[in-house]
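Numbers restart at 1 for each chain; the letters A, B, ... are given by sequence-line order, proteins then strands.
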Protein chains: 4
Amino acid sequence: MANNITQPSPTHQALIDQGIINAPSSAKGRLLQAAATLFKEKGYERTTVRDLGKAVGIQSGSLFHHYPNKEAILRAVMKETIVRNTELMKAALAQSKEPADKVLALIRCELESVLGETGAAMTVLVYEWRSLKEESQQEILKLRDIYETLWISTLSAAKESGAVVIDPFVLRRLLTGALSWTVNWYRQEGDLTVEQLAQMALSLAIKPI
Amino acid sequence: MANNITQPSPTHQALIDQGIINAPSSAKGRLLQAAATLFKEKGYERTTVRDLGKAVGIQSGSLFHHYPNKEAILRAVMKETIVRNTELMKAALAQSKEPADKVLALIRCELESVLGETGAAMTVLVYEWRSLKEESQQEILKLRDIYETLWISTLSAAKESGAVVIDPFVLRRLLTGALSWTVNWYRQEGDLTVEQLAQMALSLAIKPI
Amino acid sequence: MANNITQPSPTHQALIDQGIINAPSSAKGRLLQAAATLFKEKGYERTTVRDLGKAVGIQSGSLFHHYPNKEAILRAVMKETIVRNTELMKAALAQSKEPADKVLALIRCELESVLGETGAAMTVLVYEWRSLKEESQQEILKLRDIYETLWISTLSAAKESGAVVIDPFVLRRLLTGALSWTVNWYRQEGDLTVEQLAQMALSLAIKPI
Amino acid sequence: MANNITQPSPTHQALIDQGIINAPSSAKGRLLQAAATLFKEKGYERTTVRDLGKAVGIQSGSLFHHYPNKEAILRAVMKETIVRNTELMKAALAQSKEPADKVLALIRCELESVLGETGAAMTVLVYEWRSLKEESQQEILKLRDIYETLWISTLSAAKESGAVVIDPFVLRRLLTGALSWTVNWYRQEGDLTVEQLAQMALSLAIKPI
DNA sequence: TATGAATGAGCTTTCATTCAT
DNA sequence: GATGAATGAAAGCTCATTCAT
């Protein structure tokens with residue numbers, strides 16, 4: 001979806017070229033991918049730097065060649081994830097016109113992030129917040145604000161159009177919980193497609209016309 | 001199970017008397033309360049047995065007279081919470097008649113658990129799952145099944161009555177996420193009451209008639 | 001020398017009773033003695049906490065039951081040494097009347113500290129200064145000032161009496177170097193007694209009458 | 001050895017031309033200068049090869065093209081220093097006639113070494129001895145013996161002339177300590193000149209006539 | 001020669017757990 | 001039951017050294 005050249009937002013590749021995020025094939029990129037997976041599965045605290053090293057095929061000491069400490073790896077996982085998803089959401093919004101369509105686009109986008117390849121990193125973003133130092137939290141929070149502003153703007157527009165009934169802030173928060181929790185139960189192999197799930201979530205959020 | 005619902009549910013005191021859960025004033029009870037709070041705030045891994053000991057005014061070594069190891073404390077927190085909440089839900093259900101009222105009762109009940117005094121323990125139940133040993137997870141899972149069956153029965157009845165449109169299993173899972181996530185944003189001091197929040201959540205779950 | 005009951009200054013035992021320094025037979029006391037020896041022989045940096053543990057017959061982890069970190073052990077070695085020696089010097093001064101005698105008393109006292117049982121700790125005090133954190137240095141510096149004031153007062157009095165010719169501050173500093181360096185060459189087993197050495201050092205410091 | 005003293009000592013440049021020491025402007029020379037400074041300020045152990053590399057503007061790995069290991073850098077610092085100072089002392093002695101003048105020349109020479117540009121290296125020579133491997137210590141010791149022999153010869157001659165009273169070996173050792181310790185307190189900016197300080201040290205060493 | 005990623009041994013420190021008192 | 005000193009395994013991290021480029 002992001003590789004649609006016609007959309008105005010920078011593509012994933014552009015983010016890599018600008019040095020904002022690491023290429024998945026680079027040493028750092030592979031480390032972050034492995035870290036996301038391990039942090040999701042075992043939790044940040046229970047994942048040792050030796051685990052991380054083994055997962056990418058280097059010694060634990062070598063990790064510190066790339067990141068100054070373990071927490072910086074967690075921070076990088078979170079940062080890249082939120083930056084990447086913000087861009088995906090911008091691109092998705094640009095392709096929709098109607099308020100309800102835009103809401104569906106965001107829901108679909110967030111579900112794809114949570115349940116797709118970047119799902120591990122998304123889960124880490126939600127569950128490992130407390131493991132960040134206070135100052136790292138502030139840093140990520142700023143990025144998160146940009147992301148959340150996209151949601152609030154879209155829901156507010158939907159409210160004005162009458163598609164949404166309840167307060168956009170409360171609705172966003174209820175949706176945040178509902179959508180991020182899917183990582184704990186949704187199975188790709190089951191009968192329910194992500195698109196169907198998105199439609200169901202949408203049906204909760206907006207008034208049937 | 002549904003036949004149980006109509007029975008008068010045992011009170012909290014009864015659970016204590018039966019030795020199923022610990023009195024909050026007992027040594028064990030105070031420990032579990034403190035543990036829930038610490039586990040919620042710092043996370044299970046970052047909470048040390050010294051922290052736990054200090055919180056209840058004993059040496060860390062003395063904890064092991066009450067529980068064989070740290071994980072057993074986590075398990076006890078989770079177990080008591082789920083048992084207590086199951087009973088609260090049974091009691092709440094017994095006081096409602098209409099399907100939609102029953103759904104509201106469950107939502108209210110879960111929100112009160114998450115946002116009230118037992119909120120710390122509820123949060124631990126959601127966020128510290130991975131810190132349990134496999135066999136402990138199985139044990140809690142059984143208790144959780146009882147709890148979840150109450151939800152599914154109620155939502156299924158609501159579906160049959162036409163109040164609910166989407167699949168009860170999916171709906172329950174979306175609600176689980178939405179309601180448990182409130183712990184991360186709801187503030188008692190704000191304008192929104194828990195009852196209002198419950199109503200808003202209900203408005204998502206059921207079709208307006 | 002310090003066990004002379006008639007002197008006004010608190011005895012070594014009194015310092016122990018007051019909790020200012022640790023009894024050599026206590027766990028902490030034995031650790032500090034061993035630490036002084038190892039720090040002197042290998043240097044602070046090259047002495048590992050495993051070395052320290054082995055020297056007192058405990059696991060390295062157990063050291064942190066007594067001191068919060070390795071640097072605190074170094075600090076304690078220095079602190080105890082300077083406190084003990086200050087008391088020894090006060091006692092020695094109290095037994096002399098004439099300015100030149102007092103100077104000799106101080107020289108003898110410092111030599112005995114450097115070359116006797118506490119020599120290792122004295123050497124550490126001189127050579128491992130840079131291994132202390134800035135704030136620890138300040139702490140020790142205050143104690144050192146008390147010690148140095150005894151020297152300066154005594155040399156100043158000797159200057160006034162005509163026994164000393166050069167500036168007391170410069171003289172003290174030259175003596176500091178000369179006396180502390182003895183640890184690197186003086187051998188107890190040789191022909192030269194500490195008393196003779198003290199007399200020789202005195203002959204440098206004061207004008208022959 | 002005494003017969004050497006009258007020979008015109010090779011200049012610093014000659015030592016460089018002979019490949020005995022490195023030109024200060026050469027890569028190796030700059031490294032040794034930087035190493036001396038860092039070793040003095042932070043201590044050998046606390047100075048990392050990264051620190052050394054940064055100080056001379058190369059990567060840490062590149063250091064090992066110049067020296068086989070870190071200890072070799074320390075050894076080179078010490079070696080160059082002692083060789084250079086031996087030559088300086090020979091030159092200084094050659095310009096004095098009277099025994100007391102010769103003693104003053106040595107004192108002045110050593111003070112200038114300790115307090116001047118090569119002070120860092122001199123300090124390293126004194127304080128980092130234990131960081132040398134046993135065999136490196138032997139190597140430096142041989143060079144040091146040459147240096148010390150100059151001192152002992154000079155002091156012995158002064159003793160025979162009556163200018164010195166106490167045993168030359170003991171005197172030399174007391175002076176070693178007194179002079180090297182100056183690095184810890186002497187400040188160029190203060191009122192006391194190095195020459196005055198040398199005179200004061202001399203006044204301790206020799207009998208006033 | 002220089003680079004810089006990688007090594008791997010070893011460091012200090014943490015912490016759940018034990019146990020004699 | 002409670003204490004608190006001790007354990008010992010394992011954690012995060014450091015750093016001299018190597019080596020392909």
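Each of T48(A) and L63(C) was assigned the nucleotide of DNA chain F with the nearest heavy atom; the assignment lying further toward the 5' end belongs to L63(C). In terms of position along DNA chain E, the nucleotide closest to H66(A) lies nearer the 5' end than the nucleotide closest to the other residue of the pair H66(A) and R50(A). For the pair I58(D) and S60(B), both in contact range of DNA chain E, the more 5′-proximal nearest nucleotide belongs to I58(D). For the pair G57(C) and F64(A), both in contact range of DNA chain F, the more 5′-proximal nearest nucleotide belongs to G57(C).
Running 5' to 3' along DNA chain F, contacts with non-hydrogen atoms of chain C at under 4.0 Å begin and end at dG4(F) to dG8(F).
The partner of dG8(E) is dC15(F), judged by Watson-Crick or G-U wobble contacts that both fall below 3.5 Å. Across the strands present, dA20(F) finds its partner in dT3(E); the criterion is a Watson-Crick or G-U wobble pair with both atom distances under 3.5 angstrom.
Both tests pass for K70(A) against the ring of Y44(A): distance under 6.0 Å to the centre and angle within 45° of the axis.
Rounded to an integer number of Å, the gap from NE2 of H65(C) to P of dT14(E) is 14 Å. When rounded to the nearest whole Å, the span between NZ of K54(B) and P of dC15(E) equals 12 Å. Rounded to whole Å, the distance from NZ on K70(A) to C1' on dT13(E) is 15 Å.
Closest approach of A34(D) and V56(D) over heavy atoms only: CB-CG1, 3.9 Å. Looking at every heavy atom in both residues, E128(B) comes nearest to G43(B) through OE2-CA, 3.3 Å.
A close approach under 4.0 Å does occur between a side-chain nitrogen or oxygen of Q59(D) and OP1 or OP2 of dG4(E). Side-chain nitrogen and oxygen atoms of S62(A) include at least one within less than 4.0 Å of the OP1 or OP2 phosphate oxygen of dT7(E).
Formation of a donor-acceptor pair under 3.5 Å by the T81(D) side chain with backbone atoms of V77(D) is found in this model.
Counting heavy atoms of neighbouring residues, nucleotides and ligands inside a 6.0 Å radius, atom NZ of K54(D) does not exceed 12 of them.
How far CG of L63(D) is from CD1 of I73(D): 5.0 Å, rounded to the nearest 0.5 Å.
Between S131(C) and E71(C), the side chains place no donor N or O within less than 3.5 Å of an acceptor N or O (distance only, hydrogens not considered).
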